[in-house]
Amino acid sequence: MSTSGIAFPLGLSLQVASIATLLVALVGVPVAYLLATREFRGKRIAEVMVMLPLVLPPLVTGYYLLLLLGRNGVLGRITKALTGSAVGLLFTWQSAVIASFVIAFPLAVSAARSAIAAVDPGHADTSRTLGRSEFGTAVFVVLPLAARGIFAGLALAFARALGEFGATVMVAGNIPGRTNTMSLEVYNAVMSGDTRTATLLVVVFTLVSAAVLLVTNRLVTAVTR
Amino acid sequence: MRLAKRLKGFDLDIGWSVDAGFTVLFGYSGAGKSLTLSMLAGTMRPDSGRVVLDGATLCDTDEHIWVPPQRRGIGYVAQNAQLFPHMTIRGNVEYALGSWPGRGRRARAMTLLDRLDVAALADKRPDQISGGQKQRCALARALALEPRALLLDEPLSALDLPVRVEMRRLLRDVQRESGVPFVMVTHDLYEACTLADTLVVYSGTGAVQVGSPRELIGDPGTPEIRRLLHAMELPESVFGQKHVGQLVPLNRQESVA
């Protein structure tokens, strides 16, 4: 494979990881806020459910997703009806987004939750006594004060989503030109004995991941300083 | 108000009522004074009790009434000022003026900062100013709300003596100008007697005595309260000190114009 041959997998991986990270931010930050600031019935179970993909083998998470997105799964029926396709979202790049989202979610939530919990609760109390609602307090005081920790979590989520393999291969397959992300392409190259392409992909991967970690570390250092 | 709260190793069950003016909660550290302020502000729920301000019930556990802090209109100034570190000083004051239109908000914030002699700090961040300046800014921010009452939790305890003296005078003056009832916690007897129209003494054993500083020192209700109030001898001149400064309008209409 030439250098231009890695363009599709690299572009697809960046697209999938970016959208997955955006979804993680939209859903994960409110979830982290709830877990950090509220006590509610079933909180322990919710915590386990959120963190489970972090400890389960990605293949196992992928299998659950396959059941959910499959012909008889709840999401499968909905997406089949919406897309008109016999397999719904399975074996599409969108299912790779879902896989990356689920796998990266706990990383972002745990980092954001710690950052939110570390904000002096006196600031939130002060904001309320100044007439601001719970929502206003969260948006204008708590989240900005936790922003660096939240962004660090999202950067980690992005790096994790970029390298997602196990769950992705279960739901998106490994279809050249359609769902072959960078990780899958490394696997393909190794399996076909193309070590030159494998090495090139791995180097690109390492550089992108190192850059993400560098950004994350800078954010975390700034938080703890 | 009457409030009861049980925390780990600590029971609070007290009741008192005061008129408008400057009220000081005085007593031993750990007697529940700050806890009382938190429950008045609504940032902590009592296990049982009732809080009534100017005839309006803010909390009544028997009637299941609970007004959240954002709807109480009660200002709160903490010991460490609790200025939002990610905003400028003006940003902090403007934050309390959320419902004001943009230009009016800015002008009002500057009026308040100017009254508290900290207008020059408007563009600074909280970590760039001193403890006394922070308290002035926190006071400006709390007054921006046009509160129905203002709670101050040991606002002077972390300040150097000269700044404390200056701040005492300022607090007294601002209370008189604004007409807002102030309720301040302190464990400094001199401060309590200098500032208080009404003193509420927490004995630490559940008993509370309310009256003017002169009345309470003359007739302490329990041996603990006597021990507290007679811990140091205060000169007669301390009682009823008046430090009324220049009157500056603090109401909305006049300051916008």
Side-chain angles (χ1 to χ4, degrees), chain A residues 25 29-30 32-41 43 108 111-155 215-216 218-225, chain B residues 34-35 37-45 58 66-87 91-100 105 109 112 125-127 134 137-153 155 183:
Chain A
V29 173
Y33 191 84
L34 281 181
L35 291 177
T37 61
R38 293 281 182 283
E39 290 304 320
F40 53 88
R41 193 190 290 255
K43 182 174 173 179
R113 181 188 176 169
S114 302
I116 292 165
V119 174
D120 181 349
H123 287 312
D125 283 343
T126 302
S127 169
R128 290 184 199 105
T129 63
L130 293 172
R132 292 302 183 112
S133 64
E134 295 295 330
F135 182 74
T137 297
V139 170
F140 295 113
V141 175
V142 181
L143 293 180
L145 289 175
R148 288 174 184 274
I150 292 171
F151 283 124
L154 291 175
V215 170
T216 310
R218 285 189 68 154
L219 288 174
V220 172
T221 310
V223 171
T224 53
R225 196 168 49 202
Chain B
S34 296
L35 209 58
L37 285 200
S38 299
M39 290 190 279
L40 290 178
T43 55
M44 180 185 275
R45 280 181 187 252
L58 302 179
W66 172 257
V67 178
Q70 58 268 31
R71 292 215 304 271
R72 290 193 177 196
I74 295 183
Y76 183 88
V77 177
Q79 183 180 355
N80 58 359
Q82 289 284 12
L83 293 170
F84 303 129
H86 60 301
M87 297 179 193
N92 266 273
V93 180
E94 287 184 7
Y95 185 78
L97 296 164
S99 59
W100 284 57
R105 190 187 307 165
L112 285 159
R125 300 255 167 195
D127 61 357
K134 281 183 191 168
C137 298
L139 193 57
R141 182 177 66 176
L143 288 168
L145 187 71
E146 295 182 8
R148 298 154 72 191
L150 185 63
L151 312 176
L152 303 116
D153 192 0
V183 180

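Just so it is clear: chains get the letters A, B, ... in the order the sequence lines come, proteins before strands, and each one is counted from 1. For the numbers below, each heavy atom of this structure counts, side chains included, while hydrogens, waters and symmetry mates do not.
- Residue contact with chain A, scored on non-hydrogen atoms closer than 4.5 Å, involves the backbone of B:Leu83 exclusively.
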request  = Using the side chain to side chain contact (heavy atoms under 4.5 Å, CB included) rule, take B:Leu40 and B:Tyr76 through it: C-alpha gap first, then chi angles, then the decisive distance, then the call.
outcome  = CA-CA 10 Å; B:Leu40 290 178; B:Tyr76 183 88; over 6 Å; no
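- Top candidate by heavy-atom pairs under 4.5 Å with chain B, chosen from A:Ser127, A:Ser133, A:Ala124, A:Pro144, is A:Ser127.
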ask   = How far apart are the C-alpha atoms of B:Trp66 and B:Leu58, what are their side-chain angles, what is the distance that settles it, and do they pass the side chain to side chain contact (heavy atoms under 4.5 Å, CB included) test?
value = CA-CA 6 Å; B:Trp66 172 257; B:Leu58 302 179; over 6 Å; no
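- Under 4.0 Å is where a charged nitrogen must lie from a carboxylate oxygen, and between B:Glu94 and B:Arg141 no such pair does.
- Put simply, of A:Asp125, A:Leu145, A:Thr137, A:Leu130, the one with the most heavy-atom pairs under 4.5 Å next to chain B is A:Leu130.
- Heavy-atom distances place both the backbone and the side chain of B:Ala96 under 4.5 Å from chain A.
- Looking at A:Asp120 and B:Gln82, their side chains do bring a donor and an acceptor atom within 3.5 Å of each other.
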